[in-house]
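Worksheet: the structure to be examined is printed underneath.
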There are 2 protein chains.
Amino acid sequence: MPNISCKNCALSNLCLPFSLNKQQVEELDQKIKRRKPIKRSEALYRNHEKFTTLFVVRSGAFKSVINYETREQITNFFFAGEIVGLEGIANQQYITTTTALVDSFVCEISAEDLTQFTRKFPSVQQQALQMMSQEIVHNTQAYFHGEATDKLLHFLLHLSKRFQRYGYSSKQFQLPMAKQEIANYLGLASETISRIFTKLQYDNLIEIDNRYITIKEAQHG
Amino acid sequence: MPNISCKNCALSNLCLPFSLNKQQVEELDQKIKRRKPIKRSEALYRNHEKFTTLFVVRSGAFKSVINYETREQITNFFFAGEIVGLEGIANQQYITTTTALVDSFVCEISAEDLTQFTRKFPSVQQQALQMMSQEIVHNTQAYFHGEATDKLLHFLLHLSKRFQRYGYSSKQFQLPMAKQEIANYLGLASETISRIFTKLQYDNLIEIDNRYITIKEAQHG
DNA sequence: CGGTCCCTTGATTCTGTTCAACTGTCGTGG
DNA sequence: CCACGACAGTTGAACAGAATCAAGGGACCG
């Protein structure tokens, strides 16, 4: 693993260092743990576990799952540059089980260290609030009920915008999750997702080869 | 309007003063504006407006609405003791239109003043983070796809828990929103909601008279 | 007392689910 | 390197749950 640090991280302008000067970043760097890779399907944390740590996705992707009786419900996906674990702050315990969709890397900061930082640097305090608010915005915008096709388009568009934000192409990318997982997340049957993808391809709106997807037309939100 | 202040407010242990001592509460009190009543269907703020203020519901109820092309989607409801406007922090603008469901009262604190407070009192800083995390927890738990009946039961149960938290009965309360609004929020037709209520009553799980509802059996979540 | 909005109920239609069989893909080990 | 097995995805046919359409009843407000 290369000698990575916050100060030369490609994601630094999306992450905590965004609001810090060089010296402050050095200080932050000492508190951040760069974790060994998280393997596909390995859990970052589990439901009901005591909250100790916030994570930032360096690379890869994660899903958060909540359990309703027998049923599993995916409530969110997380990609590079996004913060995982914010749910734990409220009651000092995680409320989802969050696992890697593909082999991934994360950075860790302990809840305590983060608290120290927010007290020491007002700009971090402000940024922490903004990141949490961003998560609320995301949840709000994901809350959408419509026809199955609209739901899927809305989802794809949202994915596309997120990837774009992190410097990837917004028109062509690889789906990090299985179609079944998209189905679960959207509240549809996986057969329905399959059929809609086929139809969208037929209508020449997208092209899809396995998990590689190309968005051919400008869609609206 | 009675001479209300944070220090004698019934909600203070759910709100910002929770973590403050008497003197600090006095200081807070001077910054909080107690607003004139918000009338039924009046907007607290509108989509795209610049973010300036956070609100706490003193009494009454609100809904947040987002617009997808022609379709209106209710994304959340807010009740006494809950904080409204957190969505605005991320990008300095509100992303929903939030209106009163019934005649209501709110307290206001300007974004600037809140920032001041969080810097001055670390405990407020911590509490702000917890309140935002609580909102994320709420959004996560509201994210549920299942059969129409399960959705409605899940919703009622969640409502019941919220009311209980604020000292109301968890078994008997008045629905603050129209059935149509429940339908929109859950992604169902209002006729479906109507039919399910009828069926639940027939099955002796609830009793419903207009907007008065009594939950007769312990449900599970 | 009249109007509007909200709600209920029934009949019909349709979108999406379920069930089933089959194909494709990927990783592992012989 | 190919064969195998497990899992992921596709497609079709039948079914079911919820939407839509339509009409009427009830609550609340001025």
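The structure displayed is predicted, hence computed values, not measured ones. These values consider heavy atoms only, across backbone and side chains, with no hydrogens, waters or symmetry-generated copies. Each chain gets a letter, A, B and so on, in the order its sequence line appears, and its residues count up from 1.
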Heavy atoms only, 4.0 Å cut-off, all strands: where does B/I193 land among base, sugar-phosphate and nothing?
nothing
Nearest whole angstrom, please: distance from the P of C/dG16 to the CG of A/L152.
11 Å
What is the separation between atom CG on A/D103 and atom C1' on C/dG27, rounded to the nearest whole Å?
13 Å
Using 30° and 60° as the class limits, which term best fits the ring planes of A/Y143 and B/Y143: parallel, tilted or perpendicular?
perpendicular
Indicate, with a heavy-atom threshold strictly under 4.0 Å, whether A/T198 touches base, sugar-phosphate, or nothing.
sugar-phosphate
Under 3.5 Å, is there a donor-acceptor pair between the side chain of B/N67 and the main chain of B/E72?
no
Nearest-angstrom distance from the residue atom CE of B/M177 to P of C/dC6:
14 Å
Can you confirm if the aromatic rings of A/Y166 and A/F79 lie within a centre distance of less than 6.0 Å?
no
Is it true that A/Y168 and A/F173 have ring centroids separated by less than 6.0 Å?
no
Specify the residue among B/T192 and A/T149 whose closest nucleotide of DNA chain C lies further upstream toward the 5′ end.
B/T192
Which atom names give the shortest non-hydrogen contact between A/P37 and A/E42, and what distance separates them?
O-OE1, 4.5 Å
5' precedence on DNA chain D between A/E147 and A/Q180 (nearest-nucleotide basis)
A/Q180
Nucleotides 19-26 of chain C: which of its N/O atoms have a protein N/O under 3.5 Å away?
{"unit_1": "C/dC19", "atom_1": "N4", "unit_2": "A/E191", "atom_2": "OE2", "d": "3.2"}
{"unit_1": "C/dC26", "atom_1": "OP1", "unit_2": "A/N210", "atom_2": "ND2", "d": "3.3"}

Does the gap between the ring centers of A/Y185 and B/H145 come in under 6.0 Å?
no
Residue A/A189, side-chain heavy atoms: nucleotide from C/dT17, C/dC7, C/dG16 that is nearest
C/dT17
Roughly how bent is the helix from C/dC7-D/dG24 to C/dG30-D/dC1 end to end, in steps of 10 degrees, with each end axis from five pairs?
40°
Decide side chain to side chain donor-acceptor pair (under 3.5 Å) for B/K199 and B/T149; before the verdict, give the C-alpha distance in whole Å, the side-chain angles of both, and the deciding distance to 0.1 Å.
CA-CA 9 Å; B/K199 199 196 93 212; B/T149 303; 3.3 Å; yes
A/R211 atom CZ: more than 12 heavy-atom contacts under 6.0 Å
yes
In terms of side-chain geometry, is the basic nitrogen of B/D113 or B/K33 positioned less than 4.0 Å from the acidic oxygen of its partner?
no
Please indicate whether B/R71 has more than 12 foreign heavy atoms, meaning atoms of other residues, nucleotides or ligands, lying under 6.0 Å from its CZ.
yes
Check the distance between C/dT15's P and B/L188's CG and give it to me in whole angstrom.
17 Å
How many whole angstroms separate atom CD1 of B/I196 from atom P of C/dT9?
13 Å
Base, sugar-phosphate, or nothing for B/G187, non-hydrogen atoms under 4.0 angstrom?
sugar-phosphate
Are B/Y68 and A/F144 an aromatic pair by the rule of ring centers under 6.0 Å?
yes
4.5 Å side-chain heavy-atom contact, A/T214 and A/I206:
no
Chain B on DNA chain D: first and last contacting nucleotide, 5' to 3', under 4.0 Å to a heavy atom?
D/dA18 to D/dC28
Specify the separation, in whole Å, of atom CG of A/N184 and atom P of C/dT18.
12 Å
